[in-house]
Amino acid sequence: MVRQSNYQKIYDVVRQIPRGKVATYGQVAQLAGLGGHARMVGYALHNLPENSGIPWQRVINAKGQISFPPDSAHWNLQRALLEAEGIRFDEDDKISLACYRWEV
DNA sequence: CTCGTGACGGTAT
DNA sequence: TATACCGCCACGA
């Protein structure tokens with residue numbers, strides 16, 4: 001067996017997120033077999049370089065919002081990327097729950 | 001080897 | 001219904 005690192009598994013799951021959809025850290029963690037350890041997902045993505053080809057922008061927190069602090073460069077970047085993919089943001093910067101539903 | 005922090009989630013108050 | 005706190009694993013110093 002491959003005994004792939006959990007990080008690799010996370011990246012694989014994130015890569016499966018279709019364009020125009022998003023997933024929560026908990027969802028990714030569960031699909032990656034990590035159970036409910038969403039923090040690890042965040043850590044993995046934090047270690048992720050921008051040119052790795054991973055759609056990290058499609059991963060958000062359970063509140064349906066971007067986990068970055070507002071006014072942050074990363075926050076604006078992620079929001080711009082999601083909007084460019086057709087993701088609609090609520091007035092509270094929340095994403096429609098329908099976008100969480102994605103299947104491979 | 002030990003301590004503290006972190007792109008979070010769930011439960012309790 | 002909203003806010004606060006704790007717990008989990010991994011990694012850096």
Side-chain angles (χ1 to χ4, degrees):
Chain A
M1 229 326 229
V2 291
R3 184 196 295 199
Q4 294 179 329
S5 290
N6 291 335
Y7 279 39
Q8 190 62 43
K9 203 85 184 277
I10 291 167
Y11 299 148
D12 189 53
V13 173
V14 175
R15 240 173 260 193
Q16 292 170 60
I17 303 175
R19 182 176 173 283
K21 296 280 180 178
V22 295
T24 66
Y25 292 96
Q27 179 111 32
V28 174
Q30 176 147 4
L31 291 173
L34 295 174
H37 298 232
R39 281 191 134 187
M40 197 178 156
V41 177
Y43 232 81
L45 293 179
H46 180 276
N47 232 314
L48 188 71
E50 296 180 0
N51 52 347
S52 59
I54 307 293
W56 58 270
Q57 63 232 49
R58 296 175 191 157
V59 185
I60 57 177
N61 59 19
K63 296 176 216 158
Q65 306 183 252
I66 297 172
S67 289
F68 288 109
D71 271 358
S72 180
H74 273 101
W75 188 89
N76 279 302
L77 175 62
Q78 184 168 13
R79 173 167 176 168
L81 289 169
L82 291 174
E83 284 186 329
E85 296 188 353
I87 302 293
R88 291 282 212 104
F89 281 83
D90 206 294
E91 298 199 354
D92 278 331
D93 298 318
K94 290 193 287 192
I95 298 174
S96 296
L97 296 171
C99 296
Y100 301 157
R101 251 182 129 171
W102 56 280
E103 301 203 15
V104 289

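We use all heavy atoms of the structure for the numbers below, so side chains are in, but hydrogens, waters and symmetry mates are not. Letters A, B, ... mirror the listed sequences (proteins, then strands); counts begin at 1.
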Nearest-Å distance, [atom1] ([X]) to [atom2] ([N])?
| X | N | atom1 | atom2 | result |
| --- | --- | --- | --- | --- |
| Leu77(A) | dA7(B) | CG | P | 16 Å |
| Gln30(A) | dC9(C) | CD | P | 16 Å |
| Tyr7(A) | dA10(C) | OH | P | 8 Å |
| Lys63(A) | dA4(C) | NZ | C1' | 11 Å |
| Asp93(A) | dA7(B) | CG | C1' | 16 Å |
| Gln27(A) | dA7(B) | CD | P | 21 Å |
| Tyr100(A) | dG9(B) | OH | C1' | 13 Å |
| Leu34(A) | dG9(B) | CG | P | 13 Å |

Looking at the side chain of [X], which of [options] is the nearest nucleotide?
| X | options | value |
| --- | --- | --- |
| His37(A) | dG6(B), dA7(B), dC9(C) | dC9(C) |
| Tyr25(A) | dG9(B), dC9(C), dA10(C) | dG9(B) |
| Trp56(A) | dA7(B), dG9(B), dG6(B) | dA7(B) |
| Arg39(A) | dG7(C), dG9(B), dC11(C) | dG7(C) |

Using a heavy-atom cut-off of 4.0 Å across all strands, would you classify His46(A) as base, sugar-phosphate, or nothing?
base

Any donor-acceptor pair under 3.5 Å from Gln16(A) side chain to Asp12(A) backbone:
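Checking the backbone N and O of Asp12(A) against the side chain of Gln16(A), a donor-acceptor pair under 3.5 Å is found.
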
Heavy-atom donor-acceptor pair, Gln65(A) side chain to Asp92(A) backbone, under 3.5 Å:
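Yes; judged by distance alone, with no hydrogens or angles, the pair exists.
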
Assess the residue pair Tyr25(A) and Val28(A) against the criterion (side chain to side chain contact (heavy atoms under 4.5 Å, CB included)); give the C-alpha distance rounded to whole Å, side-chain angles, the decisive distance to 0.1 Å, and a yes or no.
CA-CA 5 Å; Tyr25(A) 292 96; Val28(A) 174; 5.8 Å; no

Mind checking whether Phe68(A) and His74(A) have parallel, tilted or perpendicular rings, split at 30° and 60°?
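Rings of Phe68(A) and His74(A): parallel, under 30°.
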
Can you classify the ring geometry of Tyr43(A) versus His46(A) as parallel (below 30°), tilted (30 to 60°) or perpendicular (above 60°)?
tilted

Starting at the 5' end of DNA chain B and moving along, which residue's nearest nucleotide shows up first, Thr24(A) or Met40(A)?
Met40(A)

